[in-house]
**Student:** 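Pasting in a structure now, in structure tokens, and then I'll have a few things to ask.
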Amino acid sequence: MEMNIYAWVILLTLLISTGLDFLADYLNIKNLKNDLPAEFKDVYSEEKYQKSQEYLKERTRFGLISTIFSTILLLGFWFFGGFNYVDLWVRSLTENYIYQGLIYMSVLLAAQSILGMPFSIYSTFVIEEKYGFNKTTVSTFIMDRIKSILLGAVIGLPILAGLLYMLNSFGEYSWLYGWIGLTVISFALQFIAPRWIMPLFNKFTPLEDGDLKVEIFNYAEKVDYSLKDLFVMDGSKRSAKSNAFFTGFGKNKRIALFDTLIEKHTTGELVAILAHEIGHFKKKHIIKSMIISVLHTGALFYIMSLFLSHKPLYDAFFVENIGLHTGLIFFTMLFSPIENVLSVLMNVFSRKNEFEADRYAVETTGKKEDMIDALKKLSEHNLSNLTPHKFFVFMNYSHPPVLERIRAIKSI
């Protein structure tokens, strides 16, 4: 099989991207410090600090093995003509392009899921278990997979069918209809997910009356934030790690605290964490991110429209027939270098937003130490890496390293 320029570009960028990831991981491990940073001596024991470093090393080794496996698998499937074999088989089943696309995507996703299952099992029941995080039972693990498959069938397949129809039916403006359609669906899911999808996986219970609820609602009133729904999520159902998150928008916005977070933090620290999340809303970070996402999707659809009928792209993957379902996959791989660059830039933008949200939380609560203590405890409970390498941060971190956040807060 002869490789054309597209094949070489995709192959080289794939290998370069993988190489950069390996380099970042190597530098990150080499940057580990034996001495516990002074800021954490009141939270971390030497034993816990050592445990966090062992956790990082083991997760990194596991990630490298997983990446090597998936890369070899992809290259083998590609160069042994796997994309073409599956495409020809699908075309022998039906002539309808929508059915072809649904079957093709389903087969590849199912194969990816099955082949990745051992890694998911090992990560959950060996590594996370070893370091005291895993709370997932076998039945929960299985049910999560079943629910994900059913959701993919009920929601994902109709969305894919609609996308294939729009890209096929409106000529030179197909990309515009696809962009508009996917944007509308994305906004609709923002309304649907908090109330109907997320509760399929976790239980959301309204925060019970008490000092915490009073303090949070008093703070929300102080900063003129309309807080209607505040929930506790049973994060302990799957992991001992703790977090909080903000989802939805408008009247459907929802703030959720993991039960593990409430268990391990004081009222003042929890108010600071909520203030940080509200800071994202007040600073328009969510709106800005949504606008960037919509514009990014529009540009992506337009550029994609230039390649979907471009035969050399299909030749690069040794596929005989031009088709929307294969074209979507191949364009994604061709465009991945640009996506990687955009991802790094978005991480820079995200880290800036996190600093701003921290500052908002401190200025509106008036309590630096609560925010600092919250960050320290989150790091200790989750065995976070306290000294990540700058290149690894640049490539992968959507949040600033915790030491940088603490020092920025102290400077306010």
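As a basis for the values below, the full set of heavy atoms in this structure was taken, side chains included, without hydrogen atoms, waters or symmetry mates. Since the model is a prediction, treat every value here as computed from it, not as a measurement.
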**Student:** Apply salt bridge (charged side-chain N to carboxylate O under 4.0 Å, His left out) to Glu47 and Lys51, showing your working.
**Tutor:** CA-CA 6 Å; Glu47 181 183 2; Lys51 186 178 180 181; over 6 Å; no
**Student:** With distance as the sole criterion, is a donor-acceptor pair present between the side chains of Tyr177 and Ser169 under 3.5 Å?
**Tutor:** no
**Student:** Can you check whether Ser236's main-chain N or O pairs, donor with acceptor, with Lys135's side chain at less than 3.5 Å?
**Tutor:** no
**Student:** State whether Asp259 and Lys237 are salt-bridged, where the test is any N-O pair (Lys NZ or Arg NE/NH1/NH2 against Asp/Glu carboxylate O) under 4.0 Å.
**Tutor:** no
**Student:** Distance alone, cut at 3.5 Å: any donor-acceptor contact between the side chains of Arg145 and Ser120?
**Tutor:** yes
**Student:** Any side-chain heavy atom of Leu167 within less than 4.5 Å of one from Leu328?
**Tutor:** yes
**Student:** Would you call the rings of Phe392 and Tyr397 parallel, tilted or perpendicular, taking 30° and 60° as the class edges?
**Tutor:** perpendicular
**Student:** Look at the rings of Phe317 and Phe83 and say which category their plane angle falls in: under 30° parallel, 30 to 60° tilted, over 60° perpendicular.
**Tutor:** perpendicular
**Student:** Any ring pair (Phe, Tyr, Trp, His ring centres under 6.0 Å) pairs touching residues 95-116, not counting sequence neighbours?
**Tutor:** Tyr104-His325
**Student:** Could you tell me whether a side-chain N or O of Arg59 sits under 3.5 Å from a main-chain N or O of Glu54, the two making a donor and an acceptor?
**Tutor:** no
**Student:** Enumerate the ring pair (Phe, Tyr, Trp, His ring centres under 6.0 Å) contacts for residues 133-156, please, sequence neighbours excluded, ordered by first and then second residue.
**Tutor:** Tyr55-Phe133, Phe125-Phe141
**Student:** If we ignore angles and hydrogens, is there a donor and acceptor under 3.5 Å between the side chains of Glu320 and Tyr314?
**Tutor:** no
**Student:** Looking at side-chain heavy atoms only, is the closest gap between Ile303 and Phe335 below 4.5 Å?
**Tutor:** yes
**Student:** Check whether any side-chain N or O of Ser411 sits under 3.5 Å from a backbone N or O of Ala408 as a donor-acceptor pair, and report yes or no.
**Tutor:** yes
**Student:** Over all heavy atoms of both residues, which pair between Pro388 and Asn28 is shortest? Give the atoms and the distance, please.
**Tutor:** CA-OD1, 3.2 Å
**Student:** Is there a side-chain contact (heavy atoms from CB on, under 4.5 Å) between Thr136 and Glu128? Walk through the geometry before answering.
**Tutor:** CA-CA 10 Å; Thr136 304; Glu128 297 298 299; over 6 Å; no
**Student:** Atom NZ of residue position Lys367 - does it have more than 12 heavy atoms of other residues, nucleotides or ligands inside 6.0 Å?
**Tutor:** no
**Student:** Is any side-chain heavy atom of Leu75 closer than 4.5 Å to one of Leu14?
**Tutor:** yes
**Student:** Would you call Asp234 and Lys203 a salt bridge, using N to O less than 4.0 angstrom?
**Tutor:** no
**Student:** Which pair of non-hydrogen atoms, one from Thr260 and one from Ser239, has the smallest distance, and what is that distance?
**Tutor:** CG2-O, 3.9 Å
**Student:** Flag the pair Glu356 and Lys352 as a salt bridge only when some basic side-chain nitrogen lies within less than 4.0 angstrom of an acidic carboxylate oxygen.
**Tutor:** yes
**Student:** Less than 4.5 Å apart, side chain to side chain, heavy atoms only: is that true for Lys30 and His389?
**Tutor:** no
**Student:** Under 3.5 Å, is there a donor-acceptor pair between the side chain of Ser350 and the main chain of Met346?
**Tutor:** no
**Student:** Name all pairs fulfilling the ring pair (Phe, Tyr, Trp, His ring centres under 6.0 Å) condition that reach into residues 3-31, sequence neighbours left out, sorted by first residue then second.
**Tutor:** Tyr6-His310
**Student:** With no hydrogens and no angle check, is any side-chain donor or acceptor of Glu269 less than 3.5 Å from a backbone partner on Thr266?
**Tutor:** yes
**Student:** Thr60 versus Lys57: any side-chain heavy-atom pair under 4.5 Å?
**Tutor:** no
**Student:** Is the NZ atom of Lys147 crowded by more than 12 outside heavy atoms at less than 6.0 Å?
**Tutor:** yes
**Student:** Could you check Tyr219 against Leu227 for side-chain contact (heavy atoms from CB on, under 4.5 Å), going step by step and ending with a plain yes or no?
**Tutor:** CA-CA 10 Å; Tyr219 170 78; Leu227 182 57; over 6 Å; no
**Student:** Hey, mind stepping through Glu380 and Tyr49 against side chain to side chain donor-acceptor pair (under 3.5 Å) and telling me if it holds?
**Tutor:** CA-CA 8 Å; Glu380 190 262 348; Tyr49 181 57; over 6 Å; no
**Student:** Answer yes or no: are there more than 12 heavy-atom neighbours, outside Asp35 itself, under 6.0 Å from its atom CG?
**Tutor:** no
**Student:** Measure across Ala244 and Leu261 and return the closest heavy-atom pair with its distance rounded to 0.1 Å.
**Tutor:** CB-CD2, 3.9 Å
**Student:** Looking at Asn4 and Pro312, would you say the former's side chain and the latter's main chain have a donor-acceptor pair under 3.5 Å?
**Tutor:** yes
**Student:** Any side-chain heavy-atom pair from Pro194 and Phe204 closer than 4.5 angstrom?
**Tutor:** no
**Student:** Check Phe40 against Ser379 and note the closest heavy-atom contact, atom names and distance.
**Tutor:** CE2-CB, 4.0 Å
**Student:** Would you say the side-chain atoms of Ser384 pair up with the backbone N or O of Leu386, donor to acceptor, closer than 3.5 Å?
**Tutor:** no
**Student:** One thing to verify: whether Glu95 and Arg91 come together as a salt bridge, which I'm taking to mean a side-chain N less than 4.0 angstrom from a carboxylate O.
**Tutor:** no
**Student:** Before you tell me yes or no, could you show the steps for Asn321 and Leu88 under side-chain contact (heavy atoms from CB on, under 4.5 Å), namely the whole-Å CA-CA distance, both residues' side-chain angles and the distance that decides it to 0.1 Å?
**Tutor:** CA-CA 8 Å; Asn321 301 293; Leu88 293 176; 3.7 Å; yes
**Student:** How are the rings of Trp175 and Trp179 set to each other: parallel, tilted or perpendicular (split at 30° and 60°)?
**Tutor:** parallel
**Student:** Taking side chain as C-beta onward, heavy atoms only, is Leu157 less than 4.5 Å from Ser106?
**Tutor:** yes
**Student:** Quick one about His276 and Glu354 (side-chain donor to acceptor, distance below 3.5 Å, no hydrogens or angles considered), yes or no?
**Tutor:** yes
**Student:** What's the shortest heavy-atom distance between Met333 and Ser336, and which atoms?
**Tutor:** O-OG, 2.8 Å
**Student:** Check whether any side-chain N or O of Ser123 sits under 3.5 Å from a backbone N or O of Phe119 as a donor-acceptor pair, and report yes or no.
**Tutor:** no
**Student:** For Lys390, look at atom NZ and say whether over 12 heavy atoms of other residues, nucleotides or ligands are found less than 6.0 Å away.
**Tutor:** no
**Student:** So, using salt bridge (charged side-chain N to carboxylate O under 4.0 Å, His left out) as the criterion, who are the partners of Glu129 when residues are at least two apart?
**Tutor:** none
**Student:** Within the side chain of Thr13, is there an N or O that forms a donor-acceptor pair under 3.5 Å with the backbone of Ile10?
**Tutor:** yes
**Student:** With side-chain contact (heavy atoms from CB on, under 4.5 Å) as the test, would you mind laying out the steps for Ile329 and Leu108 before giving the verdict?
**Tutor:** CA-CA 10 Å; Ile329 295 173; Leu108 293 189; 3.5 Å; yes
**Student:** Residues in salt bridge (charged side-chain N to carboxylate O under 4.0 Å, His left out) with Lys283, at least two apart?
**Tutor:** none
**Student:** Please check this pair: side chain of Gln53 against backbone of Lys33, looking for a donor-acceptor N/O pair closer than 3.5 Å.
**Tutor:** yes
**Student:** If the threshold is 4.0 Å, N to carboxylate O, is there a salt bridge linking Glu208 and Lys213?
**Tutor:** no
**Student:** Please report, to 0.1 Å, the donor-acceptor pairs under 3.5 Å made by any side chain of residues 293-302, with sequence neighbours excluded.
**Tutor:**
from: His296; atom 1: NE2; to: Glu339; atom 2: OE1; distance (Å): 3.4
from: His296; atom 1: NE2; to: Glu339; atom 2: OE2; distance (Å): 2.6
from: Thr297; atom 1: OG1; to: Ser293; atom 2: O; distance (Å): 2.8

**Student:** Taking only Lys NZ, Arg NE, NH1 and NH2, and the carboxylate oxygens of Asp or Glu, determine whether Asp144 and Arg238 approach each other closer than 4.0 Å.
**Tutor:** yes
**Student:** Checking Thr183 against Ser186 for the side chain to side chain donor-acceptor pair (under 3.5 Å) test, could you report, in this order, the C-alpha distance in whole Å, the side-chain angles of both residues, the deciding distance, and whether it holds?
**Tutor:** CA-CA 5 Å; Thr183 300; Ser186 297; over 6 Å; no
**Student:** Please report the closest heavy-atom contact between Ala153 and Pro158, naming both atoms and the distance.
**Tutor:** O-CD, 3.4 Å
**Student:** Do Phe77 and Leu73 touch side chain to side chain, with heavy atoms closer than 4.5 Å?
**Tutor:** no
**Student:** So does Glu39 pair up with Arg407, basic N to acidic O under 4.0 Å?
**Tutor:** yes
